[in-house]
Trainee: 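First the structure, then my questions, so here it is.
Given the structure is predicted, the values throughout are model-derived calculations rather than measurements. The chains referred to below are lettered A, B, ... by the order of the sequence lines, with proteins before strands, and numbering in each begins at 1.
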Protein chains: 4
Amino acid sequence: MERAILEGVMKLLEDGVPLAELSIERVARTAGVGKATIYRRWSGKEELFVDVMRAAEPPDPVLPGTSMRDDLVALLESLRRRGLVSRSAILHNVYAQMKSSPRIWSAYHAAVVEPRRALGLDVLRRGQRDGELRADIDLELANDMFVGPMLVRAVLRPEGELPEGLAETIVDTVLEGLRPVSSTAS
Amino acid sequence: MERAILEGVMKLLEDGVPLAELSIERVARTAGVGKATIYRRWSGKEELFVDVMRAAEPPDPVLPGTSMRDDLVALLESLRRRGLVSRSAILHNVYAQMKSSPRIWSAYHAAVVEPRRALGLDVLRRGQRDGELRADIDLELANDMFVGPMLVRAVLRPEGELPEGLAETIVDTVLEGLRPVSSTAS
Amino acid sequence: MERAILEGVMKLLEDGVPLAELSIERVARTAGVGKATIYRRWSGKEELFVDVMRAAEPPDPVLPGTSMRDDLVALLESLRRRGLVSRSAILHNVYAQMKSSPRIWSAYHAAVVEPRRALGLDVLRRGQRDGELRADIDLELANDMFVGPMLVRAVLRPEGELPEGLAETIVDTVLEGLRPVSSTAS
Amino acid sequence: MERAILEGVMKLLEDGVPLAELSIERVARTAGVGKATIYRRWSGKEELFVDVMRAAEPPDPVLPGTSMRDDLVALLESLRRRGLVSRSAILHNVYAQMKSSPRIWSAYHAAVVEPRRALGLDVLRRGQRDGELRADIDLELANDMFVGPMLVRAVLRPEGELPEGLAETIVDTVLEGLRPVSSTAS
DNA sequence: GCTTAAGCGAGACGGTACGTCGAGTCTTTCT
DNA sequence: AGAAAGACTCGACGTACCGTCTCGCTTAAGC
């Protein structure tokens with residue numbers, strides 16, 4: 001039942017129904033379900049959307065474990081692919097919608113965002129221990145330096161293509177730095 | 001008139017009215033204005049919000065022009081301060097709300113996001129010409145590498161404080177790279 | 001507008017829609033009117049029905065004034081004809097429905113029942129003064145003795161025909177009494 | 001079981017629960033019974049109410065048999081007392097409610113109204129045979145002339161008290177007639 | 001005594017209507 | 001002409017019941 005409803009919502013989103021027209025009544029009608037059945041499980045539109053997001057979330061990426069650099073590439077690859085899912089643009093809107101309610105947002109944050117962030121920090125911690133990362137760096141900041149560029153692409157320019165090698169490019173460039181070699185040598 | 005309406009909306013937001021309760025009817029009531037007067041100027045809730053955002057946007061940052069690095073710090077400082085504005089959390093929601101409508105979003109994008117991005121690219125282009133930036137780097141990517149970390153902080157962890165020196169830290173770290181010196185040498 | 005709604009309800013009733021299916025939503029749909037428009041005028045189903053009843057009420061009967069007996073016949077004729085209106089059976093149900101809410105009932109009572117009763121009492125008072133009625137009789141009781149038999153026919157046996165001369169028969173019989181002449185003489 | 005449900009309904013009515021709030025769900029909840037148990041016995045709200053009415057109906061009046069007049073008084077006394085039952089006002093509403101469904105109404109009519117009416121006609125027939133009633137009178141009409149005044153009091157003016165001697169007064173007055181003696185002589 | 005089926009409470013289900021609210025349109029009245 | 005005011009249609013909100021249905025659980029009879 002829950003499954004049917006969640007899938008109904010995703011089907012509607014994929015069919016291009018604008019999020020603003022996604023009323024509970026319409027979801028119920030589409031799923032062939034009474035409104036009460038929805039309200040019995042979710043207390044409102046937002047809670048329902050958290051679950052839709054959770055259901056659409058790709059599985060945790062598999063980390064090769066060969067090096068910090070490779071793990072980071074895998075993590076960013078997962079982010080990139082997430083941005084490529086056909087329904088991505090719409091899911092981003094759902095995500096956006098969620099931010100309107102602090103309660104909802106923190107539920108989503110705890111369930112999805114935080115675990116992914118912890119995973120990144122783990123990788124970085126290991127990398128720092130193994131000497132792949134500058135020792136004096138703040139790990140939180142480092143994490144944002146990898147995740148941020150990928151997210152800004154996915155969120156602010158979703159029309160874009162998020163090309164194949166993007167994850168590698170970002171990881172390597174961030175590790176390397178942008179300063180010209182000559183200036184590094186100086 | 002327009003001024004009064006926009007200010008009315010901002011006053012409501014500052015007073016902690018949740019965005020979801022910001023109906024046109026309420027805006028009209030608060031501003032002591034007929035609904036038709038609002039609809040005469042904006043075609044709907046979203047278009048109105050674009051203008052609210054535009055009005056709340058801080059002025060373009062002043063670039064010192066002493067170096068690319070200093071200009072970048074100034075740009076990021078402006079972003080950081082933006083995230084500190086008292087009403088920021090709520091404006092973020094407005095921003096989020098806007099993404100629900102592609103039409104609205106692209107209006108906002110063209111009016112606010114894009115100019116800021118162009119400004120950043122200019123700075124980077126100048127820096128690359130002046131040898132402050134690796135010559136082989138994609139400027140779009142470089143821009144995202146500066147902007148992304150700041151944004152990811154402001155959006156995903158808005159409870160945080162966005163401390164004073166953050167802009168400098170990010171700019172310097174991104175320029176420098178994260179790889180330990182020894183490994184760079186290898 | 002009010003007119004259109006009331007007439008819509010009556011049309012539905014005449015078309016044989018059972019009272020139980022007369023939801024506000026259906027009335028609105030039929031009248032091509034928003035629900036709010038109905039709720040702006042009536043606070044609920046019952047208040048609306050009071051007005052439907054009032055609108056369907058036949059005009060006050062014209063009293064010939066030639067004698068108390070003739071006036072009474074005219075009053076009862078009006079009652080009888082009321083029971084004959086094509087939609088009578090259904091209006092009776094509306095009437096019945098109204099009794100479920102004391103508030104509604106007393107509104108209807110004050111607007112419709114009481115004036116009619118006062119009219120009857122007037123006629124009787126005049127008749128008593130003119131010697132057409134026993135001097136020792138309670139006028140309230142007398143009124144019920146005329147009205148009661150007609151009502152009991154209309155309400156409890158609505159399938160019946162309520163034949164033409166019924167009003168005269170009742171008035172004359174009640175005035176005359178049922179005791180056989182011989183026993184009157186004794 | 002049935003007993004428990006019927007008594008539950010009556011208890012609720014006595015406790016002043018307005019009829020409109022007497023949902024099957026509430027009855028079930030109150031009686032500590034599943035909804036299905038009710039639907040297994042009655043096909044809906046109305047059928048249940050018929051049985052509630054039947055159960056609340058006072059026993060058939062005992063006719064003294066000393067004379068038609070005394071029997072009629074006994075019959076009307078029973079009607080009067082019925083109107084005095086503490087829950088009468090509410091039962092009247094149930095009765096009213098029932099009229100909304102012709103099917104239900106005719107069931108109630110057959111089970112309760114008609115037997116009572118037949119009893120009255122019997123008494124009148126006997127009285128006519130024994131010379132206590134005018135020979136030329138329509139018995140149906142005569143019956144309504146006794147029952148009507150009492151009912152009109154009970155139904156239209158339920159706030160009233162229906163005083164002790166009312167039955168006798170009505171019977172005697174109807175038998176006697178309302179015309180002044182002098183005019184009878186003329 | 002053991003089982004099997006009927007009847008039970010509980011309550012989920014697809015629906016419909018409730019009464020409220022906001023969207024966006026339109027009309028009326030005033031300035 | 002443009003504004004405030006507010007009524008209008010439409011449709012979603014979240015709640016309550018409808019009448020149907022499926023669950024386990026109790027309990028009584030039939031073996």
Trainee: Return the value, rounded to whole Å, for the distance between atom OH of D/Y39 and atom C1' of E/dG9.
Mentor: 16 Å
Trainee: Over how many whole Å does the gap from A/K45 atom NZ to F/dG11 atom C1' extend?
Mentor: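 It works out to 12 Å between those atoms.
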Trainee: Output the rounded distance in Å from CD (D/E25) to P (F/dT20).
Mentor: 13 Å
Trainee: Quick one: on DNA chain F, does D/E21 or C/G32 contact a more 5' nucleotide (nearest heavy atom)?
Mentor: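 Mapping each residue to its closest nucleotide by heavy atoms, the 5'-most match is C/G32.
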Trainee: Toward the 5' end of DNA chain F, which comes first, A/G44 or D/L22, by nearest nucleotide?
Mentor: A/G44
Trainee: Please report the distance, rounded to the nearest Å, between CE in A/M1 and C1' in F/dT22.
Mentor: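 That distance rounds to 13 Å.
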Trainee: Heavy atoms under 4.0 Å, any strand shown: does D/A28 hit a base, just sugar-phosphate, or nothing?
Mentor: nothing
Trainee: Mind checking if D/R41 touches a base, just sugar-phosphate, or nothing, with heavy atoms under 4.0 Å?
Mentor: sugar-phosphate
Trainee: Within this structure, what is the CH2-to-C1' distance between A/W42 and F/dG14, rounded to whole angstrom?
Mentor: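 My rounded result for the distance is 16 Å.
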Trainee: Quick one, C/R54 and C/V112 - any side-chain contact, counting heavy atoms below 4.5 Å?
Mentor: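 Yes, at least one pair of side-chain atoms sits under 4.5 Å.
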Trainee: Atom NZ of B/K35 to atom C1' of E/dC21: distance rounded to whole Å?
Mentor: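 Taking atom C1' of E/dC21 as the reference, NZ of B/K35 is at 10 Å.
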Trainee: Among E/dC26, E/dG9, F/dG14, find the nucleotide with the atom closest to the side chain of B/A36.
Mentor: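 When the side chain of B/A36 is considered, E/dC26 is the closest of E/dC26, E/dG9, F/dG14.
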Trainee: If you round to the nearest 0.5 Å, how far is CH2 of C/W42 from OG1 of C/T37?
Mentor: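 Between atom OG1 of C/T37 and atom CH2 of C/W42 there are 10.0 Å.
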Trainee: Check whether any side-chain heavy atom of D/I5 lies under 4.5 Å from a side-chain heavy atom of D/D51, and answer yes or no.
Mentor: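 Result no, sub-4.5 Å side-chain heavy-atom pair not found.
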Trainee: When you measure from the side-chain N and O atoms of B/R40 to the phosphate of F/dA3, is any distance below 4.0 Å, counting only OP1 and OP2?
Mentor: yes
Trainee: When the distance from CD1 of A/I38 to C1' of E/dA12 is rounded to whole Å, what number comes out?
Mentor: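 Result: 14 Å.
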Trainee: D/S23 has a side chain; which of E/dA23, E/dA10, F/dC17 sits nearest to it?
Mentor: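 Side chain of D/S23 sits closest to F/dC17.
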Trainee: Any side-chain heavy-atom pair from A/I24 and A/Y39 closer than 4.5 angstrom?
Mentor: yes
Trainee: Going by heavy atoms in the side chains, are A/R26 and A/V17 under 4.5 Å from each other?
Mentor: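 Yes, side chains in contact.
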Trainee: What is the distance, to the nearest angstrom, from the CZ atom on B/R29 to the C1' atom on E/dG22?
Mentor: 10 Å
Trainee: What is the nucleic acid contact for C/R26, judged by heavy atoms within less than 4.0 Å: base, sugar-phosphate only, or nothing?
Mentor: nothing
Trainee: Using only side-chain N and O atoms of A/T37, determine if any of them is under 4.0 Å from OP1 or OP2 of E/dG14.
Mentor: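 Result: yes.
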